[in-house]
Amino acid sequence: MNVVLPDNSTLELLDGATGLDAARAIGPKLAEQAVLIRANGNPQDLRLPLEDGQSIQILTTRDTSDPDALYVLRHSTAHLLAEAVRRLYPGVKVAIGPPIENGFYYDFDFPEPLHEEELDRIEAELNRELEEGREWTREEISRDEAKARFAAEGEPYKVELVDSAEGQITLYTQGDFTDLCRGPHLQNSKPIKAVKLTSLAGAYWRGDSDRPQLTRIYGTAFYSQKDLDAHLARLEEAKKRDHRRLGAQLDLFHLSEHSPGSPFWHPKGMVIWNELEDLRRRQNLRRGYSEVKTPLLYDVDTFITSGHYENYKDNMFFVASKEDEKQFALKPMNCPGHMLLFGSALRSYRDLPFRYAESSTLHRDELAGTLHGLLRVRHITQDDAHIFCSPDQIEAEIFACLDFAAYLYDLFGLTAQFELSTRPEKKVGTDEEWDFTEGALRAALERRGIEYTVNEGDGAFYGPKIDLHMTDVLGRSWQMGTIQLDAIMPQRFGLSYMGADNKEHTPYVIHRALLGSLERFIGILIEHYGGAFPLWLAPVQVRVLPVGEAHTEGAHAVAAKLAERGFRVDVGEATETIGKRIRAAELEKVPFVIVYGDRESEESLAVRERGGGQSHESFEDFASRLATLVS
RNA sequence: GCCGGAGUAGCUCAGCUGGAAGAGCAAUUCACUUGUAAUGAAUAGGCCGUGGGUUCGAGUCCCACCUCCGGCUCCA
């Protein structure tokens with residue numbers, strides 16, 4: 001048979017030849033260094049046979065940054081970790097250990113709790129295995145045989161995994177450890193040059209919080225120590241951009257134990273907040289939305305009607321009134337308020353769609369362990385809107401939402417990943433309704449040519465949704481915008497409009513937030529810009545520094561003239577050396593610094609840009625340059 | 001909520017086997033009057049997260065709680 005090599009040449013092999021055979025046919029050195037084969041683009045174990053006509057690419061220890069090559073390296077390292085743990089902790093049960101982005105993990109059920117300090121000991125044992133060297137062997141066995149084998153070893157998790165595994169059951173063995181595994185794996189442990197166990201965490205078996213919690217050990221591995229060092233250095237750099245660190249450093253916000261999960265916005269943080277609010281208002285106005293304001297507090301009946309009480313009561317804050325028997329709740333979302341608003345008058349099809357916009361304070365009693373700086377809060381502010389429309393208006397409205405989102409994300413140079421979430425188990429409404437709403441969202445994405453992934457069963461209880469996700473500096477994915485199509489809640493609130501046929505019809509509602517939560521969006525922006533905001537968002541846009549006390553008056557005059565033109569400007573008084581004040585401005589990431597001394601005048605200002613560039617220009621030139629930059 | 005870790009000055013952190021709470025930066029004052037990333041000196045600043053316990057003696061050891069960090073679960 002023949003296979004095609006990356007240079008398009010053909011390699012002739014015996015029938016049934018494996019990837020390793022192909023490597024050997026090319027050269028012994030290549031065979032030694034081979035870690036994985038890509039057959040028609042798919043990663044495949046070297047031990048598996050090739051097929052006639054396949055195009056193949058052999059990955060070696062030199063493909064140190066190829067994602068597939070790193071995956072196989074880390075997957076094999078995870079198996080070495082399991083071997084080491086089993087040797088050090090008799091009685092431990094092994095669960096599952098896949099490679100992940102930037103590393104791998106392995107889940108164990110330890111007889112005694114494991115503590116972080118013990119990671120060093122495990123890492124040492126793993127390195128000892130590497131020194132001894134390990135070879136992997138692969139075998140295919142029957143399902144029953146595999147179950148019997150793992151049952152005999154006292155590995156109940158593995159037995160369960162065999163039951164749910166699809167296709168041929170394969171085992172990989174190295175040292176005295178055999179694991180149920182689909183592969184692929186390295187030939188031997190020689191390519192593993194650098195290993196680090198990074199952290200310890202609890203993780204529920206099969207991701208189910210009703211099942212036992214296992215101990216997860218995270219680690220990473222590389223083809224060279226240099227790559228590991230670079231990876232760790234990158235992590236350190238990323239931590240410097242962490243919005244929680246920059247938030248304090250730039251004096252934007254803080255969090256307090258007196259109100260966990262609710263940011264205190266400082267004056268400088270509020271500047272950014274208000275710029276985003278202005279942006280939201282301007283764009284909503286331009287796109288036909290109407291600003292509304294609905295209460296923060298509602299009787300519980302409202303949330304029973306909406307269905308939120310049943311689904312989310314554990315995450316709501318309840319409030320008692322001394323005069324009223326009724327119990328109240330702080331709104332965790334705006335939809336019921338907007339439903340009541342729509343239902344407050346008789347509506348005509350001629351007036352549809354209604355686009356109610358409100359950026360209101362919401363409270364959600366999130367579990368303590370899930371709070372995370374600005375990215376997961378209890379006090380949440382969405383740039384929310386609800387569009388009440390007729391069936392024939394749905395498509396155009398969804399298109400408009402997608403375009404609006406694209407406009408906003410482009411403005412910040414952010415790229416979102418789109419996800420379509422479909423009917424969940426706890427859905428309300430009929431399958432026919434869901435077929436319609438899911439179909440409408442899917443069609444909108446496809447007709448706009450947007451790439452998306454599908455999260456089956458991840459929709460809201462009242463409708464499917466398109467979510468826009470962003471990644472933070474440490475690679476964690478967060479939901480930003482969401483566009484949801486709802487056929488259910490308007491029915492539950494008994495909403496209707498009069499149609500052209502003089503009959504009552506139930507409107508559809510599109511729930512949408514595009515920035516998502518203002519808190520979270522600002523958190524993402526802080527990390528995205530590393531605190532160096534573009535001029536229009538910068539809390540202080542220009543700082544004027546008088547060289548000496550004699551220049552104080554002149555500096556204030558320049559500052560006042562800039563403030564008059566609408567720029568955010570302050571003066572760094574001459575109480576310290578000019579060098580120190582410039583340094584402070586750089587650390588605060590102020591976009592422009594004007595040094596004002598004997599040599600300066602309105603005709604010639606000394607302008608320093610963030611990062612160090614210097615120029616001389618007249619006040620008028622500088623002011624018009626700023627005006628261009630913020631527009 | 002669950003697993004593991006951490007809470008010492010406004011910030012970043014030291015404080016060993018229990019024996020008189022420290023440094024740098026920031027702040028304040030004084031001197032210097034400054035030219036593009038740190039002038040010098042002095043001063044002030046602490047319920048060592050909170051509550052309980054062990055001890056002659058607790059920042060240090062034990063218990064509970066709170067908050068934060070890394071994950072898991074959850075995220076309308």
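In what follows, every chain begins at residue 1, and chains take the letters A, B, ... in the order their sequences are listed.
Proximity note for A:P332 (side chain, C-beta onward) versus B:G35, B:A76, B:C72: the nearest is B:A76. Closest contact between the side chain of A:E257 and the listed nucleotides B:U34, B:C66, B:A76 involves B:C66. Checked against B:C74, B:A76, B:G4, the side chain of A:T370 finds its nearest nucleotide in B:C74. In this structure, of B:A76, B:C68, B:U36, it is B:A76 that holds the atom nearest to the side chain of A:K465. Taking every side-chain heavy atom of A:A201 into account, B:G70 is the closest of B:G70, B:A76, B:U33. Here B:A76 is the nucleotide among B:A38, B:C69, B:A76 with the atom lying nearest to any side-chain atom of A:R364. Picking from B:A37, B:U67, B:C75 the nucleotide with the shortest atom distance to the side chain of A:E586 gives B:A37.
Ion pairing between a basic and an acidic side chain is recognised when a charged N comes within 4.0 Å of a carboxylate O; A:R423 and A:D431 show such pairing. Note on A:R211 versus A:E160: salt bridge recorded, some NZ/NE/NH1/NH2 to OD/OE distance being below 4.0 Å.
Distance OH (A:Y204) to P (B:U73): 9 Å, rounded to an integer number of Å. Between A:L246 atom CG and B:U12 atom C1' there is a gap of 15 Å when expressed in whole angstrom units. Atom-to-atom, CG of A:L214 to P of B:C72 comes out at 13 Å; the value is rounded to the nearest Å. We find that OH of A:Y596 is positioned 17 Å from C1' of B:U34, with the value rounded to whole Å. In this structure, CG of A:L114 is placed 13 Å from C1' of B:G5, rounded to the nearest angstrom. Atom C1' of nucleotide B:U73 and atom CG of A:D107 are separated by 13 Å, given to the nearest angstrom. If you take CG of A:D472 and P of B:C69, they are 12 Å apart, rounded to a whole angstrom.
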Short heteroatom pairs, N/O only, protein and nucleotides 23-27 of chain B, under 3.5 Å:
residue	atom	partner	partner atom	Å
B:A26	OP1	A:K580	NZ	2.9

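Screening A:I582, A:I594, A:V590, A:V595 for a side chain to side chain contact (heavy atoms under 4.5 Å, CB included) with A:R608, the sole residue that qualifies is A:I582.
Between A:H372 and B:G71 there is no side-chain N or O to OP1 or OP2 distance below 4.0 Å. Remark: A:T577 is in phosphate contact with B:U39, judged by side-chain N or O atoms under 4.0 Å from OP1 or OP2. Distances shown here put a side-chain N or O of A:R608 below 4.0 Å from the OP1 or OP2 atom of B:A37. Checking the phosphate oxygens (OP1, OP2) of B:U73, no side-chain nitrogen or oxygen of A:R206 falls inside 4.0 Å. For the OP1/OP2 pair of B:A76 and a distance below 4.0 Å, the side-chain nitrogens and oxygens of A:R512 include no atom meeting the criterion. Using a 4.0 Å cut-off, no side-chain N or O of A:R216 falls inside it from OP1 or OP2 of B:C3. Taking only side-chain nitrogens and oxygens, A:R476 comes nearer than 4.0 Å to OP1 or OP2 of B:G70. Contact check, A:Q479 against B:A76: a side-chain N or O comes under 4.0 Å of OP1 or OP2. An OP1 or OP2 oxygen of B:G5 is reached within less than 4.0 angstrom by a side-chain nitrogen or oxygen of A:H115.
Not a single donor-acceptor pair, N or O on each side, falls under 3.5 Å between the base of B:C75 and the side chain of A:R378.
Pairing partner, B:A76: none, since no Watson-Crick or wobble contact has both distances short of 3.5 Å. For B:U29, the paired nucleotide is B:A41, the pair qualifying as Watson-Crick or G-U wobble because both relevant distances are below 3.5 Å. B:U12: Watson-Crick or G-U partner is B:A23, with both key distances under 3.5 Å. Both distances falling under 3.5 Å, in either a Watson-Crick or a G-U wobble arrangement, place B:G4 opposite B:C69.
Ring geometry, A:F404 versus A:Y289: the interplanar angle falls from 30° to 60°, so the pair is classed tilted.
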Exercise for the section: Apply ring pair (Phe, Tyr, Trp, His ring centres under 6.0 Å) to A:F328 and A:Y298, showing your working. Expected result: CA-CA 5 Å; A:F328 289 83; A:Y298 297 81; 9.2 Å; no
Practice task
Please lay out, stage by stage, how A:R234 and A:E237 fare under the test salt bridge (charged side-chain N to carboxylate O under 4.0 Å, His left out).
Solution key: CA-CA 5 Å; A:R234 260 197 313 278; A:E237 274 308 303; over 6 Å; no
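For the pair A:R216 and A:Y105, the cation-pi test (distance below 6.0 Å, angle within 45°) is passed. With a 6.0 Å cutoff to the six-membered ring centre and a 45° limit on the axis angle, A:R364 does not count as a cation-pi contact of A:F317.
You'll find the side chain of A:S360 stays beyond 4.5 Å of the side chain of A:K293, heavy atoms only.
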